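Because the structure is predicted, anything quoted here is derived from the model rather than measured.
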Amino acid sequence: MAGSQDMFDAIVMADERWVVGPGQRLPSVAEAARAWFHGEGYQEGYEEGNSLGIIEGRQYGTLHGAKIGSEIGCYQGFAFAWRCLLHSCTTEKDSKKMKALESLIGMIEKFPYDDPTYDKLHEDLDKIRGKFKQLCSLLNVQPDFKISAEGSGLSF
């Protein structure tokens with residue numbers, strides 16, 4: 001009887017042995033189910049993680065974009081106010097101040113507010129910060145730019 005059962009198994013399992021290959025065994029139903037659920041779980045987790053990553057990235061970008069916009073806006077307001085104050089002055093020292101002031105305003109106006117993929121965004125921002133510091137030195141003011149939960153601004 002054992003010989004006939006082996007022969008029966010050989011006939012029934014012929015297709016699977018050919019697919020699996022000689023010397024390998026077919027996975028049990030439990031192993032196959034575990035592998036299938038593992039794949040399904042991985043796919044669901046990947047999709048959910050991708051979705052959450054997009055949401056988190058958008059929130060992060062919005063927050064940091066608002067900080068940069070607030071900083072640039074503060075520099076711009078500072079420059080416009082000083083341009084009005086220095087408009088009528090004609091001394092040589094004041095012409096240096098006006099030149100630095102106009103340079104800062106020009107840099108701010110050229111800043112790419114609407115292009116977050118701009119390659120030199122941080123480089124240009126650093127240049128604006130440097131020009132602002134230079135202008136503050138020429139004007140003999142010591143600003144303290146702060147970003148906080150209640151708002152941002154300069155204090156002197």
Side-chain angles (χ1 to χ4, degrees), residues 16 18-156:
E16 281 83 9
W18 182 75
V19 173
V20 174
Q24 296 178 340
R25 68 173 185 82
L26 288 174
S28 69
V29 174
E31 290 171 332
R34 186 173 29 247
W36 185 82
F37 283 117
H38 176 78
E40 285 291 310
Y42 174 83
Q43 187 63 32
E44 287 177 17
Y46 180 83
E47 290 170 4
E48 185 175 339
N50 193 26
S51 175
L52 291 175
I54 289 171
I55 292 168
E56 185 178 336
R58 188 171 291 134
Q59 290 171 345
Y60 181 82
T62 301
L63 175 68
H64 288 280
K67 286 180 182 180
I68 290 172
S70 179
E71 181 180 358
I72 296 289
C74 199
Y75 295 156
Q76 187 176 31
F78 177 86
F80 286 159
W82 275 99
R83 183 167 62 179
C84 289
L85 292 171
L86 295 175
H87 184 66
S88 60
C89 299
T90 56
T91 66
E92 189 177 324
K93 282 186 176 181
D94 291 334
S95 69
K96 286 183 180 180
K97 293 174 187 176
M98 282 299 288
K99 185 178 175 184
L101 192 60
E102 293 301 329
S103 175
L104 176 62
I105 291 171
M107 292 169 80
I108 290 170
E109 288 174 349
K110 291 178 185 173
F111 191 77
Y113 299 102
D114 57 351
D115 185 11
T117 61
Y118 177 62
D119 293 340
K120 298 181 179 180
L121 185 96
H122 291 286
E123 186 178 314
D124 286 355
L125 185 58
D126 287 339
K127 287 179 182 178
I128 289 172
R129 288 173 178 149
K131 185 58 76 172
F132 176 72
K133 289 178 183 178
Q134 178 190 15
L135 182 61
C136 288
S137 177
L138 287 171
L139 296 172
N140 199 24
V141 294
Q142 297 176 353
D144 183 20
F145 183 78
K146 295 179 182 177
I147 297 176
S148 61
E150 53 275 348
S152 64
L154 284 171
S155 62
F156 300 92

- Glu56 vs Tyr60 side-chain heavy atoms within contact, under 4.5 Å: no
- Message: Looking at Glu40, I'd like to know if its CD atom is crowded, meaning that more than 12 non-hydrogen atoms belonging to other residues, nucleotides or ligands lie closer than 6.0 Å.
- Response: yes
- Message: Please check: side-chain N/O of Ser70 versus main-chain N/O of Ala66, any donor-acceptor pairing under 3.5 Å?
- Response: no
- Message: Are Trp82 and Leu138 packed together at the side-chain level, in the sense that at least one heavy-atom pair is separated by less than 4.5 angstrom?
- Response: no
- Message: Once salt bridge (Lys or Arg N to Asp or Glu O under 4.0 Å) is applied, what residue pairs with a partner in residues 97-111 remain, sequence neighbours excluded?
- Response: Arg83-Glu102, Asp94-Lys97
- So how far is it from Gln134 CD to Leu139 CG, rounded to the nearest 0.5 Å? 10.0 Å
- Query: Hey, is CG on Asn140 packed in by over 12 heavy atoms from elsewhere, all under 6.0 Å?
  - Reply: no
- First locate atom OH of Tyr75, then atom CD1 of Ile72, and finally report the distance between them rounded to the nearest 0.5 Å. 7.0 Å
- Query: Are any of the side-chain heavy atoms of Leu101 and Phe78 separated by less than 4.5 Å?
  - Reply: no
- Message: Using every non-hydrogen atom in the two residues, find where Ser103 and Lys131 come nearest and quote the distance to one decimal.
- Response: OG-CE, 3.3 Å
For residues 119-130, please give each side-chain donor-acceptor pair under 3.5 Å, one per line with the distance, not counting sequence neighbours.
{"from": "Asp124", "atom 1": "OD2", "to": "Tyr118", "atom 2": "OH", "distance (Å)": "2.9"}
{"from": "Asp126", "atom 1": "OD1", "to": "Arg129", "atom 2": "NH1", "distance (Å)": "3.2"}
{"from": "Arg129", "atom 1": "NE", "to": "Glu71", "atom 2": "OE2", "distance (Å)": "2.6"}
{"from": "Arg129", "atom 1": "NH2", "to": "Glu71", "atom 2": "OE1", "distance (Å)": "2.9"}

